[in-house]
Amino acid sequence: MGVQLFILAVLLLAAPAVIGGLFLKTDKLGGNLLFRWVSGQFLLWEGFQLISVPLIMQEHRFSRLVQIFTGYMAALALLAVAVEIQRLVKGQKPSFAGKKAAGSGTGRSTGILLWLVFWGVLLFQLAQAVLLSYADTDDAYYVAISTITQEADTMYQKLPYTGGTTLMDIRHGLAPFPIWISFLARLSGMPAITVAKVVLPVVLIAMTYAIFYLFGRVLFPEKGRQLPLFLVFTELLVLFGNYSIYTAENFMIARSRQGKAALANIVVPFLLFLLLILLKRIQEKQRVAVSCYVLLGAVAVTGCLCSTLGAFLVSLAVGIAGILGALCYKRIRVLFPLAVCCLPCVAYALIYLLLE
């Protein structure tokens with residue numbers, strides 16, 4: 001079990017944090033460890049979507065996908081390490097050495113107390129997500145698909161309810177988030193159901209709060225008492241958000257292993273965070289780094305990985321933000337790179353319409 005958890009820690013924590021160093025120039029938060037972790041994971045998710053969907057449609061074995069994506073992950077990690085070494089050779093600071101925000105000493109005692117409250121509530125939520133079992137009928141399909149993929153070495157070629165062979169389900173085949181869980185299970189040697197219901201809730205819930213932390217760093221740059229207070233109120237909304245089984249809070253705590261939960265709590269918030277950074281730089285008449293558009297494209301493709309509906313939601317959000325930015329700040333040319341970021345979403349939507 002210890003070795004399996006170590007491998008998962010490398011796949012879900014260390015590797016994305018290293019790969020995220022490629023987005024150092026995206027924003028002043030580029031050196032932040034949480035930003036590196038989240039952005040690196042999105043780049044991995046994008047690659048998984050682009051690699052897995054063609055293999056699923058051609059009915060390749062799952063082992064083939066594992067080999068190719070492992071190579072993709074290793075190549076990105078080596079590239080990130082090479083870029084980091086190049087920075088050190090040039091005498092620049094390591095990319096993870098972020099700048100300390102101004103005003104961090106104001107309201108010190110109250111700020112420390114708020115941070116303790118935040119960490120206490122976060123640990124409570126993580127423990128509840130692992131220790132409590134939530135009955136959800138969708139697991140009969142999604143978790144079963146992950147298990148069958150790991151054991152039978154097929155992708156969407158067996159019925160999860162009976163185990164019999166079937167034709168490929170294009171709707172689920174275009175959003176293979178359960179296959180990513182199978183990939184983690186195959187490399188770690190841990191059963192897919194354990195990865196889905198024990199390990200992923202901890203990682204994905206923590207990633208959700210990491211994104212809200214990044215939001216807080218932009219909204220409250222002084223980093224005083226406002227940032228932890230913002231995060232504590234976010235936790236309260238999550239704790240009391242179970243007024244319906246369809247709320248984002250319910251999906252976050254009880255169904256985090258499902259792709260649509262990742263879409264609602266990770267993809268959409270991080271997309272809005274990137275759009276906030278983009279529009280802020282346009283407002284201040286600063287140059288938008290190419291890496292910002294690359295990361296935005298990775299988020300768009302990840303939306304397709306999580307759910308076929310993600311292609312529409314991501315395109316809609318980017319389109320509205322782009323039109324408003326172009327009109328308010330008189331920067332019409334910003335629409336062109338944003339449109340390029342949405343092209344994968346349009347392509348997956350067309351494939352779905354043609355093959356469904």
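Treat the numbers as computed from the prediction; the structure is a model and nothing was measured.
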Visitor: Using the side chain to side chain donor-acceptor pair (under 3.5 Å) criterion, which residues pair with Tyr141? Sequence neighbours excluded.
Guide: His172
Visitor: Assess the residue pair Met190 and Val199 against the criterion (side chain to side chain contact (heavy atoms under 4.5 Å, CB included)); give the C-alpha distance rounded to whole Å, side-chain angles, the decisive distance to 0.1 Å, and a yes or no.
Guide: CA-CA 10 Å; Met190 185 177 290; Val199 178; 3.9 Å; yes
Visitor: Quick one: are Ser182 and Phe62 in side-chain contact, heavy atoms under 4.5 Å?
Guide: yes
Visitor: Are Phe183 and Trp180, when compared by the centres of their aromatic rings, separated by less than 6.0 Å?
Guide: no
Visitor: Can Leu309 be reached from Tyr352 by stepping across I, L, V, M, F, W or Y side chains whose heavy atoms are under 4.5 Å apart?
Guide: yes
Visitor: Quick check: do Trp45 and Ile266 have side-chain heavy atoms less than 4.5 Å from each other?
Guide: yes
Visitor: More than 12 heavy atoms of other residues, nucleotides or ligands under 6.0 Å from CG of Leu276: yes or no?
Guide: yes
Visitor: To the nearest 0.5 angstrom, please state how far the CG atom of Leu278 sits from the CG atom of Leu295.
Guide: 11.5 Å
Visitor: Pick out which of Phe215, Phe118, Phe212 makes a side chain to side chain contact (heavy atoms under 4.5 Å, CB included) with Thr234.
Guide: Phe212
Visitor: Could you check if a side-chain atom of Ile245 sits within less than 4.5 angstrom of a side-chain atom of Phe251, using non-hydrogen atoms only?
Guide: no
Visitor: Taking the hydrophobic residues Ile, Leu, Val, Met, Phe, Trp and Tyr, and joining any pair whose side-chain heavy atoms are under 4.5 Å apart, which ones share a cluster with Val89?
Guide: Val18, Val81, Ile85
Visitor: Output yes when a side-chain donor or acceptor of Arg331 lies under 3.5 Å from a complementary backbone atom of Cys328, and no otherwise.
Guide: no
Visitor: So, the side chain of Thr247 versus the backbone of Gly241: is there a donor-acceptor pair under 3.5 Å, distance only?
Guide: yes
Visitor: Roughly how far, to the nearest 0.5 Å, is CD1 of Ile179 from OG1 of Thr149?
Guide: 3.5 Å
Visitor: To the nearest 0.5 Å, what is the distance between CG (Leu29) and CZ (Arg36)?
Guide: 13.0 Å
Visitor: Find the distance between CZ (Arg333) and CD1 (Ile282) and round it off to the nearest 0.5 Å.
Guide: 9.0 Å
Visitor: Between Ser315 and Phe312 (side chain of the first, backbone of the second, donor and acceptor by atom type, cut-off under 3.5 Å), is there such a pair?
Guide: no
Visitor: Does any non-hydrogen side-chain atom of Leu11 lie less than 4.5 Å from one of Met73?
Guide: yes
Visitor: Which pair of heavy atoms, one from Arg257 and one from Ala254, lies closest together, and at what distance?
Guide: NH1-O, 3.1 Å
Visitor: Are any side-chain N or O atoms of Asp27 and backbone N or O atoms of Ile277, one a donor and one an acceptor, separated by less than 3.5 Å?
Guide: no
Visitor: Which heavy atom in Thr26 sits nearest to a heavy atom in Ser291, and how many Å separate them?
Guide: OG1-OG, 2.9 Å
Visitor: Near Tyr329 OH, under 6.0 Å, is it more than 12 heavy atoms from other residues, nucleotides or ligands?
Guide: yes
Visitor: Evaluate the side-chain proximity of Val203 to Trp37: yes if any heavy-atom separation is below 4.5 Å, no if none is.
Guide: yes
Visitor: Keeping the roles fixed (side chain from Arg281, backbone from Arg287), state whether a donor-acceptor pair exists under 3.5 Å.
Guide: yes
Visitor: Is it true that Gln125 and Tyr209 share a donor-acceptor pair across their side chains at a distance under 3.5 Å?
Guide: yes
Visitor: Indicate yes or no: at least one non-hydrogen side-chain atom of Leu24 is less than 4.5 angstrom from one of Arg87.
Guide: yes
Visitor: Starting from the C-alpha separation in whole Å, work towards a yes-or-no answer on side chain to side chain contact (heavy atoms under 4.5 Å, CB included) for Glu59 and Tyr156.
Guide: CA-CA 8 Å; Glu59 299 185 352; Tyr156 294 106; over 6 Å; no
Visitor: For Leu275 and Ala317, work out which heavy atoms get closest and say how close.
Guide: CD1-O, 3.9 Å
Visitor: State plainly whether one hydrophobic cluster holds both Val3 and Leu12, where clusters connect Ile, Leu, Val, Met, Phe, Trp and Tyr through side-chain heavy atoms under 4.5 angstrom apart.
Guide: yes
Visitor: Under 3.5 Å, is there a donor-acceptor pair between the side chain of Ser146 and the main chain of Pro178?
Guide: yes
Visitor: Would a distance-only check, ignoring hydrogens and angles, find a side-chain to backbone donor-acceptor pair under 3.5 Å from Asn250 to Tyr246?
Guide: no
Visitor: Go through the steps to decide whether Ile19 and Leu22 satisfy the test side chain to side chain contact (heavy atoms under 4.5 Å, CB included), and finish with yes or no.
Guide: CA-CA 6 Å; Ile19 294 170; Leu22 297 173; 4.3 Å; yes
Visitor: Does any non-hydrogen side-chain atom of Val195 lie less than 4.5 Å from one of Leu200?
Guide: yes
Visitor: Hey, does the side chain of Ser307 reach the backbone of Gly303 with a donor-acceptor pair shorter than 3.5 angstrom?
Guide: no
Visitor: What are the two closest heavy atoms between Pro176 and Gln49, and how far apart are they?
Guide: CD-OE1, 3.1 Å
Visitor: Counting only N and O atoms by type, is there a donor-acceptor contact under 3.5 Å from the side chain of Glu46 to the main-chain atoms of Thr302?
Guide: no
Visitor: Would you indicate whether the side-chain heavy atoms of Leu296 and Leu271 approach each other to under 4.5 Å?
Guide: yes
Visitor: According to a hydrophobic-cluster definition based on side-chain heavy atoms being under 4.5 Å apart (Ile, Leu, Val, Met, Phe, Trp, Tyr only), do Leu353 and Leu313 belong together?
Guide: yes
Visitor: Output the distance between atom CE (Met252) and atom OG1 (Thr208), rounded to the nearest 0.5 Å.
Guide: 4.5 Å
Visitor: In Å and rounded to the nearest 0.5 Å, what is the SG to CG distance from Cys342 to Leu316?
Guide: 9.5 Å
Visitor: Between Phe177 and Gln258, is a side chain to side chain contact (heavy atoms under 4.5 Å, CB included) present by the stated rule, with each step listed?
Guide: CA-CA 7 Å; Phe177 193 82; Gln258 298 174 9; over 6 Å; no
Visitor: Restricting to non-hydrogen atoms, name the atom on Val143 and the atom on Ala196 that form the minimum distance, rounded to 0.1 Å.
Guide: CG2-CB, 4.4 Å
Visitor: Do side-chain atoms of Asn32 reach the backbone of Phe35 as a donor and acceptor pair under 3.5 angstrom?
Guide: yes
Visitor: According to the interplanar angle, ranging from 0 to 90°, do the rings of Trp115 and Tyr213 count as parallel (below 30°), tilted (30 to 60°) or perpendicular (above 60°)?
Guide: tilted
Visitor: With salt bridge (charged side-chain N to carboxylate O under 4.0 Å, His left out) as the rule and sequence neighbours excluded, what pairs involving residues 184-195 come up?
Guide: Asp153-Arg186
Visitor: If hydrophobic clusters are built from ILVMFWY residues whose side chains come within less than 4.5 Å, do Leu237 and Phe273 share one?
Guide: no
Visitor: Between Phe42 and Phe270 (judged by ring centroids, cut-off 6.0 Å), do the two rings come close enough to count as a pair?
Guide: yes
Visitor: State plainly whether one hydrophobic cluster holds both Phe124 and Leu236, where clusters connect Ile, Leu, Val, Met, Phe, Trp and Tyr through side-chain heavy atoms under 4.5 angstrom apart.
Guide: yes
Visitor: Taking all heavy atoms of Pro269 and all of Ala264, pick out the closest pair and write down the distance.
Guide: CD-O, 3.4 Å
